[in-house]
Amino acid sequence: MSQRGKELASTFSPAEIEAPLYEKWISAGYFTADANSKKEAFTIVLPPPNVTGVLHIGHALDQTLQDCLARIKRMKGYEVLWLPGMDHAGIATQNVVEKQLAAQGMSRHDLGREEFVKKVWQWKAESGGAILGQMRRMGDSVDWSRERFTMDEGMSNSVLALFKKMYDAELIYRAERIINWCPRCLTALSDIEVEHQDDAGEFVQVRYGDGEQSIVVATTRAETMMGDGAVAVHPDDPRYKHMIGTEVLLPLVNRMIPIIADELVDPDFGTGAVKVTAAHDPNDFEMALRHNVPFVVIMNEHGIMEGSGTEFDGMDRFDARVAVVAKLKELGRIVAEKRPYIHAVGHCSRCDTTVEPRLSKQWFVKVAPLAKASADAVRSGAVKIEPVELAPRYFDWVDNMHDWCISRQLWWGHRIPVWYGPNGEMVVVGPGESAPAGYVQDADVLDTWFSSGQWAFSTFGWPEKTADLAKFYPTSVLVTGYDILFFWVVRMMMMSTFAMDGVPPFKTIMLHGLVRDQFGKKMSKSRGNVVDPLEFMDKYGADALRFTLARGANPGTDQALAEEWIGGSRNFATKLWNATRFAMMNGATVEGPMPDVSKLNAIDKWILSRLTETIRDADSLFEKFEFAKASELIYHFAWDDLCDWYLELSKESFATGNAADSQRVLGHVLDQLMRLLHPLMPFITEELWVSLTGGESLVIAQWPEAILSYLDNAAENLVTQMQAVITEVRRFRNDQGVKATAKIPGRLATNGELAKYSSAMGFVLKLEAKEFTPTASFEIGSVKCELDLSGTVDVAAERARLTKDLATVQKDQQTAQVKLGNEGFMAKAPLEVVTEIKERLVKTQAEIERITAALAALPSA
RNA sequence: GGGUGCUUAGCUCAGUGGUAGAGCGUCUCGUUUACACCGAGAAUGUCGGGGGUUCGAAACCCUCAGCGCCCA
């Protein structure tokens with residue numbers, strides 16, 4: 001049943017229309033992609049949010065932009081797939097469930113691995129994925145029939161297959177290395193799971209050895225000295241050159257250790273001599289390998305001192321630091337101390353515990369060849385980064401990447417598909433394979449990014465050769481914040497390019513910024529400036545939130561967000577609502593063919609010309625991912641051109657009837673405007689468009705096309721003149737204290753085309769057409785305006801206004817004269833610029849004459 | 001320490017060589033049958049400082065100052 005002509009409520013209430021419209025779209029199946037379609041594919045995979053997550057303002061931005069692209073392409077006739085899903089978020093999710101257990105006084109070990117993992121699945125079924133429901137409120141046009149989870153069967157299969165493929169290609173290996181270790185989560189972390197903060201530590205200088213055979217080392221980690229295997233200096237350091245190769249006494253444990261020379265030591269740092277603690281520092285580890293320094297482990301997995309054979313065993317690492325320094329002081333070995341000493345310290349990104357470098361056996365991905373392929377894909381132009389200014393950051397990262405530690409000592413995640421035999425054999429078990437009897441599987445699981453890094457192809461069924469994979473890979477564009485360029489994007493690039501035989505996962509990487517508070521400060525819980533997108537949607541509607549975010553989305557840059565701005569977008573929605581309501585009350589229609597443009601009045605011609613320009617420019621801005629500029633453009637067309645000028649200038653003809661052509665034109669303009677706005681504000685545009693046109697849905701409507709034959713310079717010039725006249729008269733009325741509502745006798749005398757519109761202008765200006773004796777008269781361009789102010793002209797106000805205007809114009813005139821009198825300018829400036837200045841000079845002269853005459857005509861009150 | 005941005009109206013930001021812009025805020029007037037979530041009008045800027053290139057610089061170059069982010 002057609003909904004056309006359904007009367008619109010006088011106020012727009014988003015809450016009433018949003019949910020039903022989303023239901024309508026879903027039940028119509030508009031978002032379900034067809035792998036067998038003959039249309040060209042346009043694919044986006046949603047960066048999968050954590051299963052533990054709720055929708056935050058950053059998601060809202062990310063999804064607004066993706067939805068906008070998806071909807072545009074759908075309207076342009078592409079087979080659009082926007083694939084949603086979630087990430088199992090290993091540590092985060094395990095932490096959530098462990099906390100629940102802890103509340104019952106239990107740990108995961110009380111349950112055992114199998115039971116615990118069951119418990120996590122149970123948690124996921126009951127409370128996971130809240131964000132998916134929240135995405136529906138945003139209006140996201142995702143294909144729910146293809147929803148994926150990184151732990152589901154298909155994706156697990158992909159993980160097994162890729163692990164094996166990478167292992168066979170010798171891109172995965174197991175080794176004993178110094179890794180980042182979280183003593184609270186009890187697992188290894190990759191570099192990107194470590195956050196560096198400036199912490200207040202201490203910097204002490206400790207004398208090793210005695211007398212001639214002594215050296216002072218500087219350290220922030222005195223507690224690890226029991227694990228020292230050497231002291232290192234720079235090979236060219238004159239202070240220590242003579243000592244290289246000799247030994248000094250390590251205090252507290254009374255062990256002799258060698259002094260070695262290594263380029264890595266910075267002679268300007270501290271004393272220029274550093275302790276080498278091979279098992280507890282990544283740099284020291286590197287040096288130790290080069291110089292055969294022994295690895296002495298003096299701390300356990302909980303960060304408790306263990307194995308040093310000293311009184312400090314059993315102490316927490318931080319307590320031990322204090323105790324060790326106190327003891328050294330007692331022994332007279334502290335040469336200098338600096339406290340607090342501010343330096344960067346790594347923290348676990350999940351629980352904030354200070355990370356401990358730890359020697360341990362882990363699985364690694366050899367990234368060099370993968371990173372190179374990823375870098376090449378961008379360098380060759382196969383993958384574009386938008387905005388291009390962010391590409392150097394990408395290269396900086398991929399060109400200097402360390403091997404990636406992928407094993408985690410967790411239970412929630414993809415278990416490493418490696419099995420060990422009784423005699424140290426090792427097999428990697430791929431999909432559908434099984435390990436020989438008696439083999440035991442590796443206890444660890446894989447880093448979550450190992451599976452989410454496969455998101456661009458595992459979601460389509462890889463390694464099977466599926467129809468989806470053939471149709472939708474590689475994806476068209478990846479939309480994400482620049483903050484996860486190094487985390488997820490680089491991993492996607494590496495793993496996809498390898499798995500898919502050199503075909504990178506996306507054609508374009510479109511990076512947006514972060515949403516910050518209204519003062520441009522980062523949102524954080526501690527600052528208390530975090531905003532909730534759901535609250536905003538309740539209050540202002542999803543369209544208002546989306547439009548605000550899109551309008552702030554300049555490529556690659558952060559945006560500030562204030563609640564009032566969302567209110568402003570809500571006002572815009574209301575404006576659209578009322579304008580459409582007014583238009584329909586006045587007979588706006590899309591029935592029948594468009595009238596012959598040449599027969600239209602200039603106002604109609606003008607709005608069609610402006611519409612064409614708006615469609616053309618907005619479309620090109622959208623194609624360039626310039627969401628902010630496109631939004632701004634459409635906003636001003638709708639509010640300024642359409643509402644403030646077109647509707648006002650057309651009121652006379654609507655009031656007097658005989659406006660069939662204008663009704664059709666207005667119907668067309670609104671129809672096209674709603675299409676253009678639909679990707680940004682899907683709900684209200686759908687409601688209004690269906691009401692106006694009786695069409696089925698904007699989701700499947702055609703994207704507006706700029707009809708270039710509508711471009712009309714003459715009409716634009718004419719309306720610009722009308723606007724100037726109206727603005728000038730309004731200003732005069734205002735200065736004279738005439739109420740905006742008051743009708744006053746007046747007439748606009750002019751000739752030529754403009755004369756046809758003096759009654760339309762008079763209508764807007766509330767001029768009464770009757771016989772009168774003018775008490776005020778002035779000229780605006782070719783238009784002479786005469787008004788009857790009933791004798792009460794405020795001469796002083798008018799004189800002040802005219803004097804001010806005169807000063808402005810005289811300044812303009814002077815600027816133009818100076819330029820034209822400048823030989824250099826005349827000789828070197830382009831002709832069109834010179835012409836423009838000459839025209840400006842003529843205009844200013846005319847203005848000056850006009851204003852001077854007006855001033856002279858004023859009574860000398 | 002290395003890299004990389006930024007500094008334009010009260011606030012947040014557009015503006016890559018030709019008369020300084022937007023949104024919000026501010027001031028004045030206004031309940032006109034689309035809209036007070038509105039309309040009309042107005043005010044507001046040595047474009048961070050200094051130097052240079054150019055006929056012409058907010059824009060290009062140098063320099064200083066301040067702020068931010070990423071990496072170590």
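All chains are named by letter (A, B, ...) in the order of the sequence lines, taking the proteins before the strands, and each is independently numbered beginning at 1.
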Nucleotide nearest [X] when distance is taken to its side chain, options [options]:
| X | options | value |
| --- | --- | --- |
| A:Asn578 | B:C35, B:C70, B:G39 | B:C35 |
| A:Lys522 | B:C70, B:G23, B:U19 | B:C70 |
| A:Arg393 | B:C37, B:G18, B:C70 | B:C70 |
| A:His636 | B:C38, B:G23, B:A34 | B:G23 |
| A:Arg581 | B:A34, B:A22, B:A42 | B:A34 |
| A:Tyr635 | B:C24, B:A43, B:A34 | B:C24 |
| A:Arg730 | B:C35, B:C38, B:G41 | B:G41 |

Spacing of the [atom1] atoms in [M] and [N] (rounded, Å):
| N | M | atom1 | value |
| --- | --- | --- | --- |
| B:A22 | B:A40 | P | 14 Å |
| B:A14 | B:U7 | C1' | 15 Å |
| B:A42 | B:G49 | P | 29 Å |
| B:U12 | B:U26 | C1' | 16 Å |
| B:U31 | B:G45 | C1' | 36 Å |
| B:C29 | B:U19 | P | 36 Å |
| B:G17 | B:U54 | C1' | 9 Å |
| B:G68 | B:G23 | C1' | 24 Å |

[X] [atom1] to [N] [atom2], straight-line distance once rounded to whole Å:
| X | N | atom1 | atom2 | answer |
| --- | --- | --- | --- | --- |
| A:His402 | B:C71 | NE2 | C1' | 11 Å |
| A:Phe12 | B:C35 | CZ | C1' | 14 Å |
| A:Leu514 | B:C70 | CG | C1' | 12 Å |
| A:Lys743 | B:U32 | NZ | C1' | 9 Å |
| A:Tyr482 | B:C70 | OH | P | 8 Å |
| A:Asp644 | B:C38 | CG | C1' | 10 Å |
| A:Met826 | B:G56 | CE | P | 15 Å |
| A:Asn734 | B:G30 | CG | C1' | 9 Å |

Give one of base, sugar-phosphate or nothing for [X], where a contact means two heavy atoms less than 4.0 Å apart.
| X | result |
| --- | --- |
| A:Lys843 | nothing |
| A:Arg551 | sugar-phosphate |
| A:Pro830 | base |
| A:Ala829 | base |
| A:Asp396 | nothing |

For residues 719-728 of chain A, which residues have at least one heavy atom under 4.0 Å from RNA chain B? A:Thr727
Are [X] and [Y] linked by a side-chain donor-acceptor pair shorter than 3.5 Å?
| X | Y | result |
| --- | --- | --- |
| A:Asp640 | A:Trp645 | no |
| A:Tyr482 | A:Asp558 | yes |
| A:Asp604 | A:Tyr646 | yes |
| A:Ser569 | A:Thr548 | yes |

Does B:C38 pair with anything, Watson-Crick or G-U wobble, both distances under 3.5 Å, and if so, with which nucleotide? B:G30
Write down the partner of B:U7 under the Watson-Crick or G-U wobble criteria, each distance required to be under 3.5 Å. B:A65
For the pair [X] (side chain) and [Y] (backbone), establish whether a donor and an acceptor sit closer than 3.5 Å, ignoring hydrogens and angles.
| X | Y | result |
| --- | --- | --- |
| A:Gln559 | A:Leu549 | yes |
| A:Thr557 | A:Ala553 | no |
| A:Gln663 | A:Asn586 | yes |
| A:Thr844 | A:Leu841 | yes |
| A:Thr219 | A:Arg221 | yes |
| A:Asp352 | A:His347 | no |
| A:Asn578 | A:Thr574 | yes |

With rounding to the nearest 0.5 Å, note down the distance linking CE in A:Met681 to CG in A:Leu688. 10.0 Å
Does a side-chain N or O from [X] land closer than 4.0 Å to OP1 or OP2 of [N], or not?
| X | N | value |
| --- | --- | --- |
| A:Arg731 | B:A42 | yes |
| A:Asn822 | B:G56 | no |
| A:Trp397 | B:U4 | no |

Check: A:Arg570 side chain, B:C37 base, donor-acceptor under 3.5 Å: yes
Quick one: on RNA chain B, does A:Asp812 or A:Ala583 contact a more 5' nucleotide (nearest heavy atom)? A:Asp812
Under 4.0 Å protein heavy-atom contact, by nucleotide of nucleotides 9-15 of chain B - B base, S sugar-phosphate only: --SS-SS
State, with a plain yes or no, whether a side-chain heavy atom of A:Phe627 is found less than 4.5 Å away from one of A:Cys68. yes
